[in-house]
Amino acid sequence: MPQVDTHCPYCALQCGMRLDGVRVTPRDFPVNAGGLCQKGWTAGELLTSPRRLTSPMVRENGVLAPVGWDFALDVVARKLKELREAHGPDAVAVFGGGGLTNEKAYLLGKFARVALGTSQIDYNGRFCMSSAAAAGSRAFGADRGMPFPVTDLGHADVVLLAGANPAETMPPFTQHLRGADLIVVDPRRTPTAELASLHLAPAPGTDLALALGILHAVVADGHLDQSYVDQRTNGFEPVWRIAASWWPERAERVTGVSAADMRLAAAKLAGARNAYILTARGTEQHATGTATVGGWINLALSLGLPGRAGSGYGCLTGQGNGQGGREHGQKADQLPGYRKLDDPAAREYVAGVWGVDPDSLPGPGRSASELLEALGQDGGPKALMVFGSNVVVSAPRSQRVQDRLSALDFLVVADFVLSETAALADVVLPVTQWAEEDGTLTNLEGRILLRRKALDPPPGVKSDLDLLNGLATRLGRGHFPTEPETVFEELRIASKGGIADYSGVSYDRLRAGEALHWPVPADDHPGTPRMFLDAFAHPDGRARFAPVEHTGPAELPDDDFPLQATTGRVLQHYQSGAQTRLVDELNDVVPEAFVEVHPDTAKRAGLEEGDRARIRSRRGETTAKVRFVPSLRPDLVFVPFHFPGAQRANLFTNPALDPVSRMPEFKVCAVSLSTLDGVA
């Protein structure tokens, strides 16, 4: 096989790499500059894993048995028809993923709404980026994780990272921070916090109070960029009326961060020539995530950072195609191009591209958590099709999700391994991996990338595009191409005129190496690496401050559950671990779940380092090996979320939802810590 330049299959940094067969070497690409993390170096091992699925399977007498593709697709199509005829189109639901290519995400949305006629489609990006997307859209009129290239950070004087740990989640990113004075907001002293000159460690769920305290210091200490606020924004006064009551000493009592450090952070940001504020999951995954991200955006606007060359606000997108995956229609309320499904003009335009009546398109459906909760219930879906997601591990209150999946009449999962979700399915469809097909993804800086095919898939494996075509044909509905470039040509047309306009992007331009950041509204348009320099995307060109007030976590500690738990990633694993747990080099380093705990807290619970502990909440419990971390807050425990079965962190997390984004509160809940026999 010839060497092929491509991109890593994991996070949204989308590091450039070269494949020689299955051998990975790094290449010089702007976001990673020749670097790779341990996951990227070992990514080739996924392609030859002995646990790879290579044949469709249908459950017979309770056991999954190999069958041919035609038989499997016939079974799926027949069952979907029966359920739709008996219960209506919303009896069938679709659940997508933020790792799917743009082509797959686009065609999946079209398949749901045209071939199935269902409104019940959402995706796992609802668990990752939805709060930042809602806050960014409200503030700027458009949601692009980072509205500037990653490489701009190399010229920053000060960078504030709120709820981000890139030293573990995307290590090559940290090279862009080397020249900056780094402020890190995180309740844990993470490897990223170790790099900071100033670590602000708020109590879990109090980030918004901290942002309000720093904003108060900006105004009170004379750092407000008044001319920028007057000329480029609306709505500062209502925001200041709230922040005026959050003097740093009050915020200190709520957050535990000293007032002096809040004033120091304000002074550092205000005194910098070039400064950035970046947020990530630690700030977003709360029942108040949209408001909290809005608080950090308010701080950035007060300092005049967004839309200014050399400065700005951005969000570190998580999943490989977390950006593109939410732009082209697999989200419950969206059509391609980041159009809104309830916008009559958007419906008419996209329906014209698809050749259907606008009135035939369903309206917005349930968000991810609400969709999973409705499965098998009265008025809820009877069947679910899952693409590129492992909800049995990744969704909050995961035992409840597993029970809801078991209540379905029919479950179909398309995956390349038998994930914990696929193991429950009635039909499992083996699909191609990242290196076995062409496709585009959109990285965290809004750059559209062409990930190229490097080798053929094993016999018996088909693309998601092939199976959508096969099912649509059997259902007698619509035009569903199987070639990625053909699908992308349709996506270009469908996105034209939308917020995320890809109409000027082509495979030819990407093959030629052009750096194309959306929007790209014409074939000769160079793309938009830096958004908002002249105007924001609201009709009046101004950004919007959002009046947000701190309310705290949805669940507070009490006598029965005296500690707070938070969850997150570790360097060696990714998402639900379905991929990385198959790579020996990664799994040998972190083979099982652990719980980080302050030694004093552990000993009060009767635990020593290396013991197995029970972490219990009002919803469930998990077991994990104790790891002493003296720098950790005594009232906090941390559990990674990559592990299955009884080690699932999401057995105890809180499914409380943000009222705007419908994001679950993964990042904080009340728990107890005990030995396995329950004695503390």
Side-chain angles (χ1 to χ4, degrees), residues 9 46-84 92-97 99-101 103-105 107-108 111-112 115-116 121 330 381-392 405-406 408-437 439 453 455-478 480-484 487 576 578-579 582:
L46 288 169
L47 300 168
T48 56
S49 171
R51 293 173 64 184
R52 180 75 185 274
L53 296 175
T54 56
S55 172
M57 293 186 288
V58 172
R59 192 172 296 278
E60 298 176 357
N61 300 318
V63 178
L64 286 170
V67 298
W69 269 96
D70 282 339
F71 181 85
L73 293 179
D74 286 346
V75 169
V76 174
R78 183 173 63 251
K79 190 65 176 179
L80 297 184
K81 284 181 182 177
E82 290 173 358
L83 290 170
R84 291 175 72 247
V92 179
V94 178
F95 200 97
L100 300 178
T101 63
E103 292 81 0
K104 292 178 183 180
L107 211 65
L108 193 62
F111 176 80
L116 296 175
I121 175 172
Q330 65 172 333
K382 310 299 181 186
L384 178 68
M385 302 182 68
V386 180
F387 294 78
S389 190
N390 187 16
V391 293
V392 167
L405 293 175
S406 298
L408 286 167
D409 291 1
F410 194 55
L411 175 62
V412 182
V413 176
D415 211 328
F416 62 85
V417 295
L418 194 67
S419 69
E420 288 72 24
T421 304
L424 301 176
D426 298 291
V427 178
V428 179
L429 301 172
V431 292
T432 45
Q433 284 199 60
W434 58 286
E436 299 165 352
E437 58 189 358
K453 180 177 178 178
L455 64 162
D456 292 328
V461 172
K462 292 182 181 291
S463 165
D464 301 79
L465 303 181
D466 290 319
L467 79 88
L468 291 174
N469 172 278
L471 288 175
T473 299
R474 286 166 172 80
L475 295 169
R477 297 302 302 269
F480 290 83
T482 59
E483 288 298 318
V487 177
S576 74
Q579 299 172 74
L582 302 182

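Note: hydrogens, waters and symmetry copies are ignored here, and every other heavy atom, side chains too, is used.
Residues Phe387 and Leu467 form a side-chain contact, since some pair of their non-hydrogen atoms from C-beta on lies under 4.5 Å apart. Phe416 is not listed as a side-chain neighbour of Val461, based on a closest heavy-atom distance of 4.5 Å or more. A heavy-atom distance below 4.5 Å is not found between the side chains of Val417 and Gln579. You'll find the side chain of Phe410 stays beyond 4.5 Å of the side chain of Glu82, heavy atoms only.
Take Lys453 and apply the salt bridge (charged side-chain N to carboxylate O under 4.0 Å, His left out) test, not counting sequence neighbours, and it matches Asp456. Arg52 pairs by the salt bridge (charged side-chain N to carboxylate O under 4.0 Å, His left out) definition with Glu436, not counting sequence neighbours. For Ser389, the side-chain hydrogen bond (donor to acceptor under 3.5 Å, both in side chains) partners at least two apart in sequence or on another chain are Asn124. Every side chain to side chain contact (heavy atoms under 4.5 Å, CB included) that Ser49 has, sequence neighbours left out, goes to Arg51, Leu582. For Thr473, the side chain to side chain contact (heavy atoms under 4.5 Å, CB included) partners two or more places apart in sequence, or in a different chain, are Asn469. Not counting sequence neighbours, Glu103 has no partner by the salt bridge (charged side-chain N to carboxylate O under 4.0 Å, His left out) test. For Ala93, the side chain to side chain contact (heavy atoms under 4.5 Å, CB included) partners two or more places apart in sequence, or in a different chain, are Gln120, Leu371, Pro381, Leu384. Not counting sequence neighbours, the partners of Ala435 by the side chain to side chain contact (heavy atoms under 4.5 Å, CB included) test are Leu19, Leu47, Ala454, Leu455. Partners of Glu437 according to the side-chain hydrogen bond (donor to acceptor under 3.5 Å, both in side chains) rule, which considers only residues two or more places apart in sequence or in another chain, are Lys104, Thr432.
Contact detail for Leu100 and Gly388: the closest heavy-atom pair is CD2-CA, 4.3 Å. A pairwise comparison of heavy atoms in Val431 and Ser463 identifies CG1-C, 4.4 Å as the closest pair. Considering every non-hydrogen atom in both Pro481 and Val487, the closest pair reads O-CG2, 3.6 Å. Across every non-hydrogen atom of Val391 and Leu405, the tightest pair is CG2-CD1, 4.0 Å. Across all non-hydrogen atoms, the minimal contact from Thr101 to Gly439 is CG2-CA, 4.1 Å. Nearest heavy atoms, Gln330 versus Gly97: NE2-O, 3.0 Å.
The backbone N or O of Leu116 lies less than 3.5 Å from a partner atom in the side chain of Arg84, making a donor-acceptor pair.
Remark: Phe95 CZ to Leu411 CG distance equals 12.0 Å, nearest 0.5 Å.
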Output side-chain donor-acceptor pairs under 3.5 Å for residues 61-80, partner residues at least two apart or in another chain, one line each.
| residue | atom | partner | partner atom | Å |
| --- | --- | --- | --- | --- |
| Trp69 | NE1 | Gly460 | O | 2.7 |
| Asp70 | OD1 | Arg474 | NH2 | 3.1 |
| Asp74 | OD1 | Arg474 | NE | 2.7 |

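Residue pairs meeting the salt bridge (charged side-chain N to carboxylate O under 4.0 Å, His left out) criterion with at least one partner in residues 415-435, sequence neighbours excluded, are Glu420-Arg581.
Results of the side-chain contact (heavy atoms from CB on, under 4.5 Å) test with Leu108 over Leu468, Leu465, Asp464 single out Leu468 as the only residue that passes.
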